[in-house]
Amino acid sequence: MTASAGSYNFREIEAKWQAYWLADKTFRTPNPGEPGFDAARPKFYVLDMFPYPSGVGLHVGHPLGYIATDIYARYKRMRGFNVLHPMGYDAFGLPAEQYAVEHGVPPRETTRRNIDNMRAQMQRLGLGYDWDREIATTDAGYYRWTQWIFLQLYNSWYDPAADAARPISELVHKLEQEHLVVNFDGEPVAVSSPGLQEWYGLPPGTQRWSELTVEQRRAVLDGQRLAYLDEVPVNWCPALGTVLANEEVTNEGRSERGNHPVFRRPMRQWMLRITRYADRLERDLDLVDWPEPIKLMQRNWIGRSEGAEVDFAVADRDEVIRVYTTRPDTLFGATYMVLAPEHDLVEALTSDAQRQTVRKYVEIARNRSDLERTVETKEKTGVFTGAYAINPVNGERIPIWVADYVLMGYGTGAIMAVPAHDTRDFEFATRFHLPIVQVVQPPAGQDWRGYTGEGVAVNSGEFNGLTTPEFKKRIIAWLEEQGLGTGRVNYKLRDWLFSRQRYWGEPFPIVHDAATGEVFPLHEDELPVLLPQIEDFRPRASDDPDALPEPPLGRAEQWVKVRGYVDETGSVRTLLPDEVPPPGETRSSAGGQGGRVVREFRRELNTMPQWAGSCWYYLRFIDPHDDNALVDTALEHYWMVSLKADGTPHAGGVDLYVGGAEHAVLHLLYARFWHKVLFDLGCVSTPEPFGRLFNQGYIQAHAYQDARGIYVDVRDVQEVQKGAATVYVRKSTGEPLTRGLGKMGKSLKNAISPDEICRDYGTDTLRAYEMYMGPLEASKPWSTRDIIGMSRFLNAVWRRFVAEDGALKVTDDPPSEEVRRLLHKTIRRVTHDLEGLRFNTAIAALIELTNALRADRMAREVADAFLRLLSPIAPHLAEELWQRLLGPAWRRSIALESWPEYDEALALDPEVEIPVQINGKVRSRVRLPAGDAGDQDKLRSAALADAKIIEELDGMSVKKVICVPGRMVNVVASV
RNA sequence: GCCGAAGUGGCGGAAUCGGCAGACGCGCGGGUUUCAAAAACCCGUCCACGCAAGUGGGUGAGGGUUCGAGUCCCUCCUUCGGCACCA
């Protein structure tokens, strides 16, 4: 297609203005203190979820959110805000690496190329970012600070007394001062009266810090650090050669990326103690303006539940099994217990008679993947241990079973089974013929068997007759009195598995003592730890589930070896080959005092996961080139802190964050976690990173399948009219195809490139079309056929301004009253619609105005305001017409001009038409002056005086007249 | 199974608060212009009956609240998204 006689030359105009914006730095946003900064303007931070520069190229679905934020940022700038609107690249991680593997080029190289390509694509879309703030998570100047944040996590603990993260040195101090002692589990616990322990003694089972060995101290601290190494069951994906986070594994037990099988294996990995923040992450959702469904998804993921821990004594043995239950009110109905196969007590409790059976069962259960466990949920399995427990409320002996429907990772890994009122226990008890005792009376008409709702207690001794919530309170109090249990809150959230056996990620700022294996953080002056260049960066993939991970960084032999010493903060500083350490002390918090000794270390070989870099990028945009801090405190405060209308601080910094809902529980949860840690440590000013979140919908597209169900490329599909019906056939062969609707992308072979659309119709047309398709939050189908409508609209705008000979059609005469009224109505509509991100209706309003201007020579007053309204949506066209409109007086981009104001008085119709209904059906209309339409009495008399209404009401009696000022009249009448 | 979102013409969608259902665009039908075509412009376009004025019906299905329901409440159906043995 070529530009036809009826179209303006969008190609020339768009290229001209894109070049101008770059050269002029039109969208550069000065920080406070920089030249051009205007302190009188309020700030507004608009952020996109930055892309992975994956290299397969964008399709028209990708820029949907970017176009929306671009329009909004331009609008806010014109409204007088200092707008921060940056863009960058989340360039570490699997997609970039896999692309590099497929094309046999180092990831560093492909990433650079992909970024260049993506930047060019975004610039062709006319997106007005401040390119001076561009960042990539793969730049050493960026990941230096990702590593720095990791050091803060490593060197911090969560202080329950402060309900916040604190430097680990404070924990050491508290232990040294004996405000805290260490309990049997290695947990620091508070001492009620420090200093008086000489008289009262330590709490039972606790030890003083001074009594611990260096190894024990180290274990205590490692047990509190927010970043720690642990041997945990992880999701091991041999095909990818790496472990994955729970969030990266599908519920079929396969990798989110690549759909490879995933196995659970215990491995020593880096973990982040996000569980300590479960409560705050859940609670602070109340502070943010996010879509409710997204908040709910986070709440479900965190999975807070309230209940109790109860101790069951094992019959004839000196053992106790602790269980967690959300229904302590059903204790009297507990007729057996179940331990998870991995539970510590399984081996000890099993009777000799049952030993073979139990061992076999545990062995099988351990090797079952998540996939197998899920598929086999239909039939519950389990074996009896031969041991019995005592139900603490009624003294009954109940059998202890082992079954894999109980998970080790949740609660205590053991449950009391109440088959009468729990679906799973009911299934299990039915299968294995275990007793089922009713303890809850459901509402009338419902069967008690398997009833899990609330009701009234029965068969529960002295508690009979209590309602479920009341019973819960009473029984928890009773258990606490008896020392048998406590009320307890539990979360489904697990600690975050933070290491990957990949090349293309941030190296950890961690070294291991080459002789002892002891772990040390590097001193922050040692950052960045540069990712070494290696020949073979491929992960070791395997089909064998028992294969062991082999981090590619292990191949960088020179890089791995570090010579250095431990300094007085416990951090490692490196030395050059012949360098000697400066004089001073070595002193780690766990002990080990002494002079500085040169040691050999080996670097940590794992790298950080994809999510690390995206956890804090919104902070770096504020101050992207700072070498002294991850973000300057004053600048962070300026861009992140905003006040509500009543003057109180808003919860979070970014004023508008737009992205897809697919990040509801991954990126958005991780980023909130890191932000809260940084908040606790005084690095940021707000409790939440993103004050307002908006989820854009997907662009869907028709996808076509042949008879075998194979997808056929959309470009090979032809639409054929067969009588009344439309059928779809393959162009090349003519075979019939079936049509479906799905997310646009490579797999459905239905992707459409924005470059193609820009070439044929222009960037402004593409922008306007994507915004016009429907509400931003909705998913809606792409239709190339419909684009012509936006193309016609923008051409019509051009023709309103420019005559065939190129002369401007604008006059200095004032517009007619009607046109001026319509203009002010349009300004009002567009302003409100853009403010509410309702771009589709804003464009409709502009089309209506354009259509109404048809016969007029355009008045300058109208032209001026119209171009300002149009400019965020179709910036190239608006810039060009703006420059022509101002002529020699033109000085700068329309993006820097102000937003037009509307005048309510000028927008007001002098006369309005009011529908008059009889019994809810419109029977007539009356015209009356605008002032009278707001007056109930005048409305009423006008309606009742209308000839048509009088005629219709003949023979009826009027019961009531309802007058809605300015809207309508309804006469209620009967025969 | 549980949780969430959404169902409006041939299609995408519009309808701040419960107040004229279908704005705006696509498509389609008719016309102007043209040697012709494209583009552009004008008229029409929810369905049924009617030449028309008009009358009746209509927002996934059924019920309810109300002077009045696309909008609120209850039950059900369909589609999409999330979670999935979390005790």
A.B. asks: Reckon Lys492(A) touches a base, only the sugar-phosphate, or nothing at all at heavy-atom distances under 4.0 Å?
C.D. replies: base
A.B. asks: Please pick, from G13(B), A87(B), C20(B), the nucleotide with the shortest atom-to-atom distance to any side-chain atom of Val922(A).
C.D. replies: C20(B)
A.B. asks: With His824(A), which residues qualify under side chain to side chain contact (heavy atoms under 4.5 Å, CB included), at least two apart?
C.D. replies: Arg820(A), Tyr902(A), Asp903(A), Leu906(A), Ala907(A)
A.B. asks: Does Thr423(A) reach a base, just sugar-phosphate, or nothing at all? Heavy atoms under 4.0 Å.
C.D. replies: nothing
A.B. asks: To the nearest Å, give me how far apart CZ (Arg431(A)) and P (C85(B)) are.
C.D. replies: 18 Å
A.B. asks: Pick out the pairs of N or O atoms, protein on one side and nucleotides 22-29 of chain B on the other, that lie under 3.5 Å.
C.D. replies:
residue, atom, partner, partner atom, Å
A23(B), O2', Glu848(A), OE2, 3.2
C24(B), O2', Tyr772(A), OH, 2.6
C24(B), O2, Tyr772(A), OH, 2.4
G25(B), OP1, Asn851(A), ND2, 3.0
G25(B), O4', Tyr772(A), OH, 2.9
C26(B), OP1, Arg792(A), NH1, 2.6
C26(B), O2', Asp786(A), OD1, 2.5
G27(B), OP2, Arg792(A), NH1, 3.3

A.B. asks: Report yes or no: does Thr335(A) contribute a side-chain atom to a donor-acceptor pair with the main-chain N or O of Pro435(A) at less than 3.5 Å?
C.D. replies: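 Flag set: sc Thr335(A) to bb Pro435(A) pair under 3.5 Å.
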A.B. asks: With sequence neighbours excluded, tell me which residues meet salt bridge (Lys or Arg N to Asp or Glu O under 4.0 Å) with Lys743(A).
C.D. replies: none
A.B. asks: Provide a list of protein-nucleic acid N or O atom pairs under 3.5 angstrom, restricted to nucleotides 63-70 of chain B.
C.D. replies:
residue, atom, partner, partner atom, Å
C67(B), O2', Asn970(A), ND2, 3.4
C67(B), O2, Asn970(A), ND2, 2.6

A.B. asks: What is the nucleic acid contact for Lys921(A), judged by heavy atoms within less than 4.0 Å: base, sugar-phosphate only, or nothing?
C.D. replies: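 Here Lys921(A) touches the backbone only, sparing every base.
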A.B. asks: Taking only residues two or more places apart in sequence or in another chain, which ones pass side chain to side chain contact (heavy atoms under 4.5 Å, CB included) with Ala664(A)?
C.D. replies: Ile294(A), Met297(A)
A.B. asks: The side chain of Trp301(A) is closest to which nucleotide in this list: C20(B), A84(B), G19(B)?
C.D. replies: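 The closest nucleotide is A84(B).
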A.B. asks: Given C85(B), G13(B), G4(B), identify the nucleotide with an atom nearest to the side chain of Leu296(A).
C.D. replies: G4(B)
A.B. asks: Charged N to carboxylate O under 4.0 angstrom, Asp946(A) versus Arg925(A)?
C.D. replies: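 Salt bridge absent between Asp946(A) and Arg925(A).
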A.B. asks: Would you list the protein and nucleotides 73-76 of chain B atom pairs, both N or O, that sit under 3.5 Å from each other?
C.D. replies:
none

A.B. asks: Hey, does Ile415(A) reach any base, or is it just sugar-phosphate, or nothing, if we go heavy atoms under 4.0 Å?
C.D. replies: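 Since a base atom lies under 4.0 Å of Ile415(A), the category is base.
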A.B. asks: For the side chain of Met968(A), counting heavy atoms from C-beta on, which of C20(B), C41(B), C3(B) is nearest?
C.D. replies: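 That would be C20(B).
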A.B. asks: Phe428(A) vs Phe432(A) aromatic rings, parallel, tilted or perpendicular, using cut-offs 30° and 60°?
C.D. replies: tilted
A.B. asks: Looking for any heavy atom pair under 4.0 Å, which part of the strands does Arg923(A) touch: base, sugar-phosphate only, or nothing?
C.D. replies: sugar-phosphate
A.B. asks: Checking Asp422(A) now: which residues fulfil side-chain hydrogen bond (donor to acceptor under 3.5 Å, both in side chains) with it, not counting sequence neighbours?
C.D. replies: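 Asp422(A) satisfies side-chain hydrogen bond (donor to acceptor under 3.5 Å, both in side chains) with Arg424(A) once adjacent residues are dropped.
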A.B. asks: Under the side-chain hydrogen bond (donor to acceptor under 3.5 Å, both in side chains) rule, collect the residues that match up with Arg828(A), sequence neighbours excluded.
C.D. replies: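 Applying side-chain hydrogen bond (donor to acceptor under 3.5 Å, both in side chains) to Arg828(A) gives Glu904(A).
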A.B. asks: Indicate, with a heavy-atom threshold strictly under 4.0 Å, whether Met297(A) touches base, sugar-phosphate, or nothing.
C.D. replies: sugar-phosphate
A.B. asks: Tell me, please, which residues at least two apart from Lys780(A) pass salt bridge (Lys or Arg N to Asp or Glu O under 4.0 Å).
C.D. replies: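 By the salt bridge (Lys or Arg N to Asp or Glu O under 4.0 Å) rule, Lys780(A) matches no residue at all.
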A.B. asks: Test of understanding: with salt bridge (Lys or Arg N to Asp or Glu O under 4.0 Å), list the residues that count as partners of Asp954(A), not counting sequence neighbours.
C.D. replies: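 Not a single residue meets the salt bridge (Lys or Arg N to Asp or Glu O under 4.0 Å) criterion with Asp954(A).
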A.B. asks: Can a donor-acceptor pair be found between the side chains of Asp425(A) and Tyr405(A) at a distance below 3.5 Å?
C.D. replies: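 Side chains of Asp425(A) and Tyr405(A): pair found under 3.5 Å.
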A.B. asks: Dot-bracket notation for RNA chain B is requested: 5' to 3', Watson-Crick or G-U wobble pairs only, both distances under 3.5 Å, with ( ), [ ], | and . as defined.
C.D. replies: (((((((..(((......[....)))((((((.......))))))((((....))))..(((((..]....))))))))))))....
A.B. asks: Could you please name the option among C83(B), C85(B), G12(B) that lies closest to any side-chain atom of Asp404(A)?
C.D. replies: C85(B)
A.B. asks: Rounding to the closest angstrom, what is the interatomic distance between C41(B) and U34(B) at atom C1'?
C.D. replies: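 It works out to 13 Å between them.
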A.B. asks: Is Arg829(A) paired with Glu848(A) through a side-chain N to carboxylate O contact shorter than 4.0 Å?
C.D. replies: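 A salt bridge is present here (some side-chain N lies under 4.0 Å from a carboxylate O).
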A.B. asks: Can a donor-acceptor pair be found, under 3.5 Å and without considering hydrogens, that links the side chain of Arg327(A) to the backbone of Thr452(A)?
C.D. replies: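 The answer is yes, because a donor-acceptor pair under 3.5 Å joins these two groups.
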A.B. asks: How would you list, by chain and number, every residue that makes a side-chain hydrogen bond (donor to acceptor under 3.5 Å, both in side chains) with Tyr324(A), sequence neighbours excluded?
C.D. replies: Ser305(A)
